[in-house]
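Every chain is numbered from 1 and lettered A, B, ... according to where its sequence line falls, protein lines coming before strand lines. From a predicted model like this one, the values you see are computed outputs, not experimental measurements.
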Amino acid sequence: MIRVVLPAHLRTLARVDGEAKLHVEGQATQRSVLDALEAAYPMLRGTIRDQVTQQRRAFVRFFACEQDLSHEPPDAPLPDAVLTGAEPLLVVGAMAGGG
Amino acid sequence: MSRVRVLVGTRKGAFVLTSDATRERWDIGGPHFGGWEIYHLKGSPADPDRLYASQSSGWFGQLIQRSNDGGKTWEAVGNKFVYDGVPGTHLWYDGTSRPWEFARVWHLEPSLTDPDMVYAGVQDAALFRSMDGGQTWQELPGLRRHDSAPSWQPGAGGMCLHTILVDPSHPGRIFIAISAAGVFRTDDGGKTWRPINRGLRSEQIPDPTAEVGHCVHRIAMHPSRPRVLFMQKHWDVMRSDDAGESWQEISGNLPTDFGFPIDVHAHEPETIYVVPIKSDSEHFLPDGRLRVYRSRTGGHEWEALTRGLPQRDCYVNVLRDAMAVDSLDPCGVYFGTTGGQVYASADAGDSWAPIVRDLPSVVSVEVQTLS
């Protein structure tokens, strides 16, 4: 079971209370976790990564185990602690301030 | 008894304001989508409980929300806006070419007859349409394939398609406006388009009377006379009596002819409303006074409407989609400000009162008259 922590706006959008818990077939990577997340919560399509290019949106970051995974290849395996469910994958809206 | 529902889009969410026909006591619903920019929301003329909303965020992009119960509950529908084919380029602010890139939906225009059909005007400028209640979107690419498109440039707010007017009496005719390209018309349901900007004069572009390049802020029509169009241009208030083939200036005695919204009285096709703004470099009201100007003669002669509106120390703006009318008698007129006030007049503009004073900055106002 993969645990994903979404930013507040996306929890509201997806009507998720707390963490999203996902079953991911095969190797858990950023791509496969996001595929599973979007399959479970279709309203999140396009909010974390572009629907055509699959690129992470510029102001969205991925953290886990106190590491910034945002620039890891999307098909790289996630840390073991995320795979076992000991640690969540954090989807974070960049601290960009503004109005 | 009739009721009125006012749909307000703000920088931080949507609000639904409702009243009976007296328009004296209002119920304030919301915020919906708190914290998100709601550029526009609008109801279907064919099913007033079917609403569409454009929800966006610099972080999480574009969403489209749909309600089937008049705005009580909402569901996210399709948000995949992909330009048809190779997007091509337009001009950037500095005159260099730049690829078309989707940013957001500025305006949603539901079909007059089919609740599941809705148009979306987007930035970078293009027209999309959904035939399935917003689940999927297809571009009408003829507009963006017009020969002039590579020369279109953005206005200060981005290169947005912000106005969509569907002609109720001429099947296949749609008017759209783009900042800063101008007005375009199709007579074949969106397959082919042509610019209709003859008579516009814009000193900010190299050729002031060019076929395209005019920063049109808003156009409006009365449904009983769809060949008559009114326009608030960046500077200048204009009208056309021939479906956009030619335009004449009607700014007349306005204190300034810069502004954003323009709208038409529901029962008097020659009665129009604008909100003059001091200038394009200041973007606030002249003299600190909030004045709506009304012409009962289709332009040229304007009167200031001030009763109930602040007449000192007021420096808000009223954005292009932030004015609307109801169809009660007398006609109600509504507008929202960047200061978060929504004002209503239940007597065609003679007097005004705030429905609500302290919303987030208002981007859009639409009104539904419900029986």
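Environment of CG in B/D358: sparse, with no more than 12 heavy atoms of neighbouring residues, nucleotides or ligands closer than 6.0 Å. Within a 6.0 Å radius of CD in B/E101, no more than 12 heavy atoms belonging to other residues, nucleotides or ligands are found. Heavy-atom contacts from other residues, nucleotides or ligands closer than 6.0 Å to CZ of B/R145 number more than 12. Other residues, nucleotides and ligands contribute over 12 non-hydrogen atoms within 6.0 Å of the CG atom of B/D69.
Of the atoms belonging to A/P7, it is side-chain heavy atoms, and not backbone ones, that fall under 4.5 Å from chain B. For A/R15, the part sitting under 4.5 Å from any heavy atom of chain B is the side chain, from C-beta outward, and nothing else.
Judged by distance alone, with hydrogens and angles left aside, the side-chain atoms of B/W59 form a donor-acceptor pair with the main-chain N or O of A/A94 at under 3.5 Å.
Annotation: maximal heavy-atom pairing with chain A below 4.5 Å, among B/G61, B/P360, B/S361, occurs at B/G61.
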| message | With side-chain hydrogen bond (donor to acceptor under 3.5 Å, both in side chains) as the criterion, how do B/W36 and A/H9 come out once you've worked through the C-alpha distance, each side chain's angles and the decisive distance to 0.1 Å? | response | CA-CA 8 Å; B/W36 294 71; A/H9 278 316; 3.2 Å; yes

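With contacts defined as side-chain heavy-atom distances shorter than 4.5 Å, the pair B/F60/A/I48 does not qualify. B/Q65 is listed as a side-chain neighbour of A/L13, based on a closest heavy-atom distance under 4.5 Å.
Near-neighbour residues of residues 76-86 of chain B relative to chain A, defined by a heavy atom under 4.5 Å from a heavy atom of that chain, comprise B/A76, B/N79, B/K80, B/V82.
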